[in-house]
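Everything below concerns the one structure shown next.
Keep in mind it's a predicted model, so treat the numbers as computed, not measured.
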There are 2 protein chains.
Amino acid sequence: MPRARLLAIARQAFAELGYSGASMSAIATRAGIRKPSLFHHFPTKEGLYVEAVGAALAPMGALVELAAGGDHGFLVRLDRLGELVTDYLGAHPEAARLLVREVLDSGPFLSAPSQPAGVVLDAVRAFLEAGMDAGEFARADARHLALSIVALHLFYFAADPLSGAQIEGSVFDEEQIASRRAAVVGQVRTLVTGS
Amino acid sequence: MPRARLLAIARQAFAELGYSGASMSAIATRAGIRKPSLFHHFPTKEGLYVEAVGAALAPMGALVELAAGGDHGFLVRLDRLGELVTDYLGAHPEAARLLVREVLDSGPFLSAPSQPAGVVLDAVRAFLEAGMDAGEFARADARHLALSIVALHLFYFAADPLSGAQIEGSVFDEEQIASRRAAVVGQVRTLVTGS
DNA sequence: GTCTATACATCGATAGAC
DNA sequence: GTCTATCGATGTATAGAC
């Protein structure tokens with residue numbers, strides 16, 4: 001059983017059941033092995049969690065830096081950011097849920113001062129403020145705006161069965177991702193330029 | 001130890017730690033009693049959860065019905081809805097977190113077909129569509145819009161330590177609630193009328 | 001690397017004294 | 001109503017055979 005496969009299985013279990021709800025025994029069973037075999041690869045549950053979840057969350061921070069930077073106009077970069085985030089969350093069904101759980105549980109990736117959530121929020125807020133200063137975005141409270149934009153991105157994919165009941169079919173189907181991308185880019189653009 | 005006090009303590013524990021993470025022993029300790037004493041009041045953990053969390057979530061559905069109905073214009077009702085929801089979530093620090101956890105865990109209040117989350121989402125979507133038909137809201141995908149509006153309401157309060165780091169002070173301070181209320185009403189208004 | 005067997009703590013839940 | 005004591009199952013983790 002390759003290590004990467006175990007990490008993927010654990011990631012899915014943590015996303016579905018949360019840290020407390022996903023036992024080492026349950027993860028091992030999903031992988032088709034016994035509990036001690038899983039402990040052989042990962043000596044502690046916490047270590048497994050950090051490695052499995054960290055791999056899914058790290059790209060998010062990189063994404064924001066990638067799109068927020070660059071020499072295009074603020075509106076173009078904003079659209080690009082929304083598309084990249086939507087595509088990433090759509091392509092990795094566990095990512096949004098893991099991130100929201102981290103937020104609710106104040107997990108290890110939020111406690112650390114230099115980790116995704118806090119850094120990403122600061123980056124988004126700074127980007128919005130810069131866009132306001134440049135006159136491309138309407139003047140508004142950038143802190144509340146940043147939190148709302150992050151919220152609307154994460155919740156849709158994290159709430160999968162609920163979101164899927166609103167639209168038809170699965171949230172992670174290619175067509176639905178394209179549909180969400182269009183909707184969310186329009187919404188965010190309206191939010192930062194309107195009123 | 002009055003029953004209502006036990007329910008409040010349990011509610012807080014479930015909000016902080018989740019269903020799996022909040023043990024009957026931990027809840028009993030918070031209440032200053034022993035585990036069997038807690039079991040005397042609530043024979044099963046699941047029963048305690050349903051009663052404690054149900055009391056916090058039921059008012060949310062009533063709120064939406066209350067504000068979405070009425071004979072005012074759609075924009076006025078929309079503003080009122082945003083204010084009521086923000087005030088309720090601000091006054092009950094566990095509510096948003098409990099609701100988001102219910103969504104992630106597909107808890108008992110989501111599985112049931114007639115329960116808060118699904119019903120509320122449908123009500124919000126129907127309200128948005130009616131407003132579009134009336135010409136007060138801009139034509140857009142009401143399903144995606146409803147999901148984003150719910151997201152931006154819930155996430156801000158559910159992400160307390162994270163949101164609190166962006167603004168200064170606690171999310172549940174009166175001043176901060178007023179600040180959020182103004183921001184969120186403006187954002188939602190922009191979302192439904194803009195573009 | 002995977003297994004059986006096991007250690008020790010905690011889980012949800014019960015029995016019965018006070 | 002609250003307690004001590006305990007049940008059986010399950011939690012994380014380890015020892016040691018193959």
Length of the line joining [X]:[atom1] and [N]:[atom2], which is rounded to integer Å:
X	N	atom1	atom2	answer
B:Phe42	C:dC11	CZ	C1'	19 Å
B:Glu46	C:dA13	CD	C1'	14 Å
B:Lys35	D:dC7	NZ	C1'	11 Å
A:Ile33	C:dT4	CD1	P	12 Å
A:Tyr49	D:dT12	OH	P	14 Å
A:Met24	D:dT10	CE	P	18 Å
B:Leu6	D:dG1	CG	P	10 Å
B:Ile27	C:dT10	CD1	P	17 Å

Nearest-nucleotide pick for [X], side chain only, options being [options]:
X	options	result
A:Phe39	D:dA13, D:dC3, C:dA5	D:dA13
A:Lys45	D:dT4, D:dA13, C:dC3	D:dA13
B:His41	D:dG11, D:dA13, D:dT2	D:dT2

Taking OP1 and OP2 of [N], is either one under 4.0 Å from a side-chain nitrogen or oxygen of [X]?
X	N	result
B:Ser23	C:dC11	yes
A:Ser37	C:dC3	yes
B:His40	D:dC3	no

| query | Side-chain contact, heavy-atom cut-off 4.5 Å: A:Arg101 with A:Tyr19? | reply | no
| Is B:Phe127 close to B:Leu78 at the side-chain level, that is, under 4.5 Å between some pair of heavy atoms? | yes
| said: For B:Asp79, is there an ion pair with B:Arg189 - N to carboxylate O distance below 4.0 angstrom? | reply: yes
| task | Looking only at non-hydrogen atoms, find the nearest pair between B:Leu84 and B:Ala67 and report the distance. | result | CD1-CB, 3.8 Å
| said: Just verifying a value: how many Å separate A:Leu128 CG and A:Glu136 CD, rounded to the nearest 0.5 Å? | reply: 12.0 Å
